[in-house]
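Take a look at the structure set out below.
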Amino acid sequence: MVKVTVLGAAGGIGQPLSLLLKLNPKVDELSLFDVVNVPGVGADLSHISTDAKTDSFLPSSKEDKTALGNALKGSNLVVIPAGVPRKPGMTRDDLFNINASIVRDLSQGIAENAPDALVLVISNPVNSTVPIVAETLKKNGVFNPKKLFGVTTLDIVRANTFLAELFPSEAKPTDFNVRVVGGHSGETIVPLYSVGESKKLYEKLSAEKKKELIHRVQFGGDEVVQAKNGAGSATLSMAYAGYKLAEAIITAQSSSSVVECTFLNLDSSIKGAAEAKKLVKDLDYFSFPVKIGPNGIEEIKYDILNEATEEKQLLDVAIDQLTKNIEKGVAFIKK
Ligand code: APR
């Protein structure tokens with residue numbers, strides 16, 4: 001039985017993400033929660049003739065915790081795109097105070113109603129919201145670091161697309177699976193173009209073009225914010241990316257394990273965490289490729305950082321910024 005709950009299902013990301021989940025034949029139940037408009041979204045999706053049984057949950061008041069509890073009960077996988085989106089001129093970190101409270105309250109609901117679920121965090125700033133979820137689950141004594149995923153997949157999607165765009169007659173975006181490590185905001189995003197399938201074409205670029213490409217991946221979200229002109233940030237591409245990671249995790253429930261990059265807690269209970277931490281100056285969170293199995297993260301594929309010598313300087317900058325972002329999330333819960 002696979003039950004997936006989407007928290008923030010009526011939003012710009014939540015709706016297309018819920019649609020994609022509704023189309024997945026391995027999803028038995030799709031549970032939609034939001035503080036607005038979710039009955040309409042649920043009714044609409046429920047007419048689609050796929051197997052996933054769809055239900056929606058709307059709290060009757062700010063104090064009502066029953067709707068969230070009912071939405072979460074029995075979930076194997078919880079995806080969180082709830083929050084407010086980025087407006088022009090806002091960085092992801094400007095969103096912090098609003099989204100931090102939303103994510104804390106939703107995590108409390110997860111701790112009480114679905115403590116064993118795998119949790120995917122999309123709400124930004126991911127570098128800080130993932131520590132907020134972890135600290136909230138810890139407070140409740142139900143934290144399992146193998147089950148918490150910060151979604152950074154959009155950075156990989158963009159890294160693949162933007163490289164292919166530079167070589168229109170030689171490559172397609174699907175030719176690559178660029179490993180992107182670090183975090184999910186600006187210079188914390190480090191695409192490792194110099195290793196793997198992307199290496200051959202990347203090496204053809206001048207130093208200047210390489211710099212431009214990396215900058216485009218790191219700040220790709222701004223292109224969407226500007227083009228939407230006040231209407232929000234990436235929704236469709238983010239929904240696709242969030243779904244891609246959710247789909248991999250759902251696949252890993254029933255068959256062989258998969259490798260995906262995710263922003264995770266480098267807890268010593270995870271295979272490879274001690275080695276990974278050494279490579280990132282002892283940070284508690286970092287995005288690495290990980291092996292995912294039925295119970296979540298099985299192993300961190302940390303070796304990629306040893307191969308990526310060309311990106312050493314970018315990694316140093318990312319580690320420095322991430323230290324502050326992570327501390328901010330932890331401090332929000334501990335204060
Ligand atoms: N519980 C559940 N849902 C909530 C809550 C809450 N406490 N607070 C807000 N929401 C819902 C909103 O009602 C809305 O339907 O979250 C949804 C967010 O949707 P949008 O405003 O359209 O924002 P979106 O573009 O989807 O971005 C959401 O994801 O990538 C990040 O930066 C982005 O943090 C933002 C989040």
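Just so it is clear, the structure is predicted and the values come from calculations on it, not from any experiment. We count ligands from 1, going down the list as the structure has it; atoms in each ligand are counted the same way. Index from 1, following the sequence.
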Under 3.5 Å side-chain donor-acceptor pair for Thr54 and Ser46: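 Their side chains do not contain a donor-acceptor pair, so the 3.5 Å distance test is not met.
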Pair Glu187-Gln218, side-chain donor/acceptor within less than 3.5 Å: no
Glu135 vs Lys334 side-chain heavy atoms within contact, under 4.5 Å: yes
Does [X] approach ligand 1 within less than 4.0 angstrom via side chain, backbone, both or neither, non-hydrogen atoms only?
X: Ile102; value: side chain
X: Pro81; value: backbone
X: Asp105; value: neither
X: Thr235; value: side chain

What atoms of ligand 1 come closer than 4.0 angstrom to any heavy atom of [X]?
X: Phe33; answer: 1 (N), 2 (C)
X: Gly12; answer: 19 (O), 20 (P), 22 (O), 26 (O)
X: Gly8; answer: 3 (N), 16 (O)

Test item, Val36 contacting ligand 1 (heavy atom, 4.0 angstrom): yes
Within-shell test, Gly232 vs ligand 1, heavy atom, strictly < 4.0 Å: no
N/O donor-acceptor pair under 3.5 Å between Ser198 side chain and Tyr193 backbone: yes
Check: [X] N/O within less than 3.5 Å of ligand 1 N/O:
X: Ile13; result: yes
X: Gly11; result: yes
X: Asn99; result: yes

Arg179/Glu197 salt bridge by N-O under 4.0 Å criterion: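 Yes, Glu197 and Arg179 are salt-bridged.
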Asp320/Lys281 salt bridge by N-O under 4.0 Å criterion: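 Result for this pair is no, no salt bridge flagged.
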Closest non-hydrogen atom pair, Val181 against Phe288: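 Where Val181 meets Phe288 most closely, the heavy atoms are CG1-CA, 4.4 Å.
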Over all atoms of both residues, closest heavy-atom pair of Tyr285 and Phe263: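 Scanning both residues, the minimum pair turns out to be CB-CZ, 3.5 Å.
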Hydrophobic cluster identity match, Leu266 and Ile326, side-chain contacts under 4.5 Å: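 Result: yes, single cluster for both.
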Proximal candidate to atom 32 (O) of ligand 1 [heavy atom criterion; set Leu106, Val151, Asn124]: Asn124
